[in-house]
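First up is the structure itself, then whatever we jot down about it.
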Amino acid sequence: ARKRDGKNGAQVYDAAILDKTRERAEIESDISAGIAGKWFEAHFQPIVDLTTGIPIGFEALMRMRHPSKGLLSPSRIIEAAEETGTIAEIGRLILEEAAANLARLSGLPDMADTYVAVNFSPLQFEPGLPARLAGVLGRHAIRPSRLIIEITEAVLMHDNPEIRAVLNEIQNLGCRIALDDFGTGYSSLSYISRFAVDIVKIDQSFIHSLTDASTDVGGKSKMLVEGIRAISHQMNCEVVAEGVETEQQRSLLLEMGIDYAQGYYFSRPREIKELMSELSAGASGVASLAG
Ligand code: C2E
Ligand code: MG
Ligand code: MG
Ligand code: MG
């Protein structure tokens with residue numbers, strides 16, 4: 001907020017609201033322009049097997065390539081798009097790009113069984129979704145098990161029977177459901193018991209505090225991560241650790257029996273061209289993800 005009068009709290013507050021409103025209007029107009037001008041793209045971040053360091057899949061992460069502002073990250077765009085409903089259109093574009101690029105990646109050595117994971121917002125779980133997914137998979141000749149739908153607790157929160165039916169249909173197609181940012185919501189544990197989740201992605205905040213040496217935070221985080229792993233495995237869910245940034249975190253997670261990991265330590269999200277050339281650098285390129 002621009003501070004016009006330090007003593008007048010109300011004025012400063014108004015200015016803050018005005019700034020927020022302007023910023024939001026700008027994001028919304030960027031979204032419309034972006035849909036019309038095809039500014040949306042998916043970048044891909046490898047998810048690796050912790051024991052081998054080899055990628056087993058890739059998460060598609062939305063970016064907006066703004067002609068004057070450059071490459072914009074998704075958080076605020078997604079938030080605005082969810083509130084205005086444009087998330088449906090953006091979601092379709094990202095899904096299409098994810099599928100097309102998985103088909104391209106499949107041609108590389110050892111990549112034929114990798115998956116692509118796509119983030120979905122609550123509003124995208126409309127009754128027509130399973131049929132649309134089947135259509136996209138068919139057009140790109142992708143086995144359904146190679147598509148993972150990432151959801152957050154927001155999708156499961158109201159235990160909406162329609163959403164539950166759509167999730168069941170998606171799993172009946174053969175696609176898998178991953179619960180993203182696990183542990184940050186209010187009743188995480190109940191969600192993995194009440195819904196047939198296939199994969200649990202442990203939120204990066206837990207992974208970062210694993211190596212927090214200042215107090216006993218690290219020790220407590222370790223207990224939490226171990227607990228989440230044990231419960232997830234007992235419920236037949238695979239476990240992915242998000243946000244792995246250091247060698248110390250990688251080796252701790254491996255010791256704890258975590259299956260898979262994702263994070264800057266292995267690779268940042270990359271444009272498809274860059275990712276393909278890295279992976280096709282062959283054994284050396286793949287081995288580099290092992291650290
Ligand atoms: P997410 O699904 O939890 O994705 C992981 C986020 O963590 C990504 O942020 C990724 O770039 C970042 N990340 C990966 N490794 C590390 C690491 O080692 N350290 C740190 N600090 N961060 C790491 P990004 O790309 O900014 O995306 C933010 C969020 O936006 C995503 O979180 C997801 O909730 C949402 N999002 C992205 N693309 C889409 C989309 O196509 N549709 C929907 N509905 N949401 C999306
Ligand atoms: Mg995700
Ligand atoms: Mg996440
Ligand atoms: Mg997140």
Side-chain angles (χ1 to χ4, degrees), residues 47-51 56-57 59-60 78 82 87 91 95 115-127 129-130 133-134 143-210 217-244 249 252-263:
I47 297 160
V48 306
D49 183 327
L50 265 172
T51 56
I56 54 142
E59 179 171 6
I78 296 285
E82 283 178 341
I87 190 66
L95 174 67
Y115 64 74
V116 69
V118 181
N119 293 283
F120 274 69
S121 298
L123 276 178
Q124 297 179 261
F125 288 86
E126 47 189 18
L129 179 62
L133 292 179
R143 269 177 291 115
S145 61
R146 299 185 63 204
L147 175 64
I148 289 179
I149 305 297
E150 291 199 5
I151 61 173
T152 60
E153 289 173 20
V155 172
L156 308 177
M157 205 156 56
H158 303 292
D159 201 353
N160 178 328
E162 274 172 40
I163 290 185
R164 193 184 266 272
V166 172
L167 287 171
N168 281 337
E169 266 187 79
I170 290 173
Q171 287 175 316
N172 289 339
L173 275 178
C175 301
R176 286 175 290 164
I177 306 290
L179 191 50
D180 206 351
D181 302 344
F182 187 79
T184 55
Y186 289 107
S187 44
S188 305
L189 287 178
S190 79
Y191 291 125
I192 47 172
S193 62
R194 282 189 291 132
F195 293 86
V197 169
D198 303 289
I199 297 162
V200 167
K201 297 187 79 172
I202 304 178
D203 190 69
Q204 55 181 43
S205 57
F206 297 104
I207 309 308
H208 297 164
S209 51
L210 273 181
V217 172
K220 285 180 178 165
S221 302
K222 212 175 153 200
M223 285 186 240
L224 274 172
V225 171
E226 271 171 341
I228 294 172
R229 184 208 59 80
I231 291 169
S232 301
H233 281 168
Q234 269 160 23
M235 304 233 179
N236 290 317
C237 297
E238 291 177 353
V239 181
V240 178
E242 299 192 81
V244 178
Q249 289 162 356
L252 266 176
L253 292 163
L254 180 64
E255 269 171 37
M256 284 191 255
I258 302 293
D259 308 302
Y260 306 110
Q262 175 180 2

**Study point:** V197 versus I177, closest heavy-atom pair with distance
**Key:** CG1-O, 3.8 Å
Practice item. Check whether any side-chain heavy atom of I202 lies under 4.5 Å from a side-chain heavy atom of I258, and answer yes or no. Key: yes
**Study point:** Non-hydrogen side-chain atoms of L173 and E169 separated by less than 4.5 Å
**Key:** no
Point to revise | Separation between CD of Q124 and CG of L95, rounded to the nearest 0.5 Å | key: 8.5 Å
Practice item. Step by step, work out the side-chain contact (heavy atoms from CB on, under 4.5 Å) result for E59 and V240. Key: CA-CA 12 Å; E59 179 171 6; V240 178; over 6 Å; no
Exercise for review: Determine, step by step, whether E242 and D203 satisfy the side-chain contact (heavy atoms from CB on, under 4.5 Å) criterion, reporting the C-alpha distance in whole Å, the side-chain angles of both residues, the deciding distance to 0.1 Å, and the verdict.
Suggested key: CA-CA 6 Å; E242 299 192 81; D203 190 69; 4.3 Å; yes
Practice item. Report the distance from atom CD1 of I192 to atom CG of N236, rounding to the nearest 0.5 Å. Key: 11.0 Å
Point to revise | Pairing residues for D159 by the salt bridge (charged side-chain N to carboxylate O under 4.0 Å, His left out) criterion, not counting sequence neighbours | key: R164, R194
Review point. Which atoms form the tightest heavy-atom contact between E82 and P122, and what is the distance?
Key: OE2-CD, 4.1 Å
Study note, to complete from the structure: One should read off an interatomic distance between Q249 CD and H208 NE2, to the nearest 0.5 angstrom, of 6.0 Å
Which side-chain N or O atoms in residues 218-225 pair as donor and acceptor under 3.5 Å with protein atoms at least two apart or in another chain?
| unit_1 | atom_1 | unit_2 | atom_2 | d |
| --- | --- | --- | --- | --- |
| S221 | OG | S209 | OG | 2.9 |
| S221 | OG | V217 | O | 2.9 |

**Study point:** Non-hydrogen side-chain atoms of F120 and L129 separated by less than 4.5 Å
**Key:** yes
Check your understanding: If you round to the nearest 0.5 Å, how far is CG of D259 from CG of L254?
Key -> 10.5 Å
Study note, to complete from the structure: What one should report as the nearest heavy-atom pair of F206 and T184 is CE1-N, 4.4 Å
Practice item. Mind checking the CD1-CG spacing from I170 to L133? Nearest 0.5 Å is all I need. Key: 5.0 Å
Check your understanding: Which atoms form the tightest heavy-atom contact between E153 and G183, and what is the distance?
Key -> OE2-N, 4.2 Å
Review point. Taking C-beta and beyond as the side chain, do V239 and F182 meet within less than 4.5 Å on heavy atoms?
Key: no
**Study point:** Minimum heavy-atom distance between H233 and C237, given as atom pair plus value
**Key:** CD2-O, 3.3 Å
Check your understanding: If you take all heavy atoms of V244 and A241, which pair is closest and at what distance?
Key -> CG2-O, 4.0 Å
Review point. Does a side-chain heavy-atom distance below 4.5 Å link M256 with L210?
Key: yes
Review point. Under the criterion side-chain contact (heavy atoms from CB on, under 4.5 Å), which of I149, T152, I151 is the partner of D180?
Key: T152
Review point. Below 4.5 Å, heavy atoms only, C-beta onward: do K201 and I47 meet side chain to side chain?
Key: yes
Exercise for review: Taking Q171 for its side chain and A196 for its backbone only, find out whether a donor-acceptor pair lies under 3.5 Å.
Suggested key: yes
Study note, to complete from the structure: dist S232:OG -> L189:CG (nearest 0.5 Å) comes out at 8.5 Å
Practice item. Might you work through the side-chain contact (heavy atoms from CB on, under 4.5 Å) test for F125 and L167, ending with a clear yes or no? Key: CA-CA 8 Å; F125 288 86; L167 287 171; 3.6 Å; yes
**Study point:** Derivation of the side-chain contact (heavy atoms from CB on, under 4.5 Å) call for L147 and V116
**Key:** CA-CA 5 Å; L147 175 64; V116 69; 3.9 Å; yes
Review point. Side chains of L50 and Y260: closer than 4.5 Å at any heavy-atom pair?
Key: no
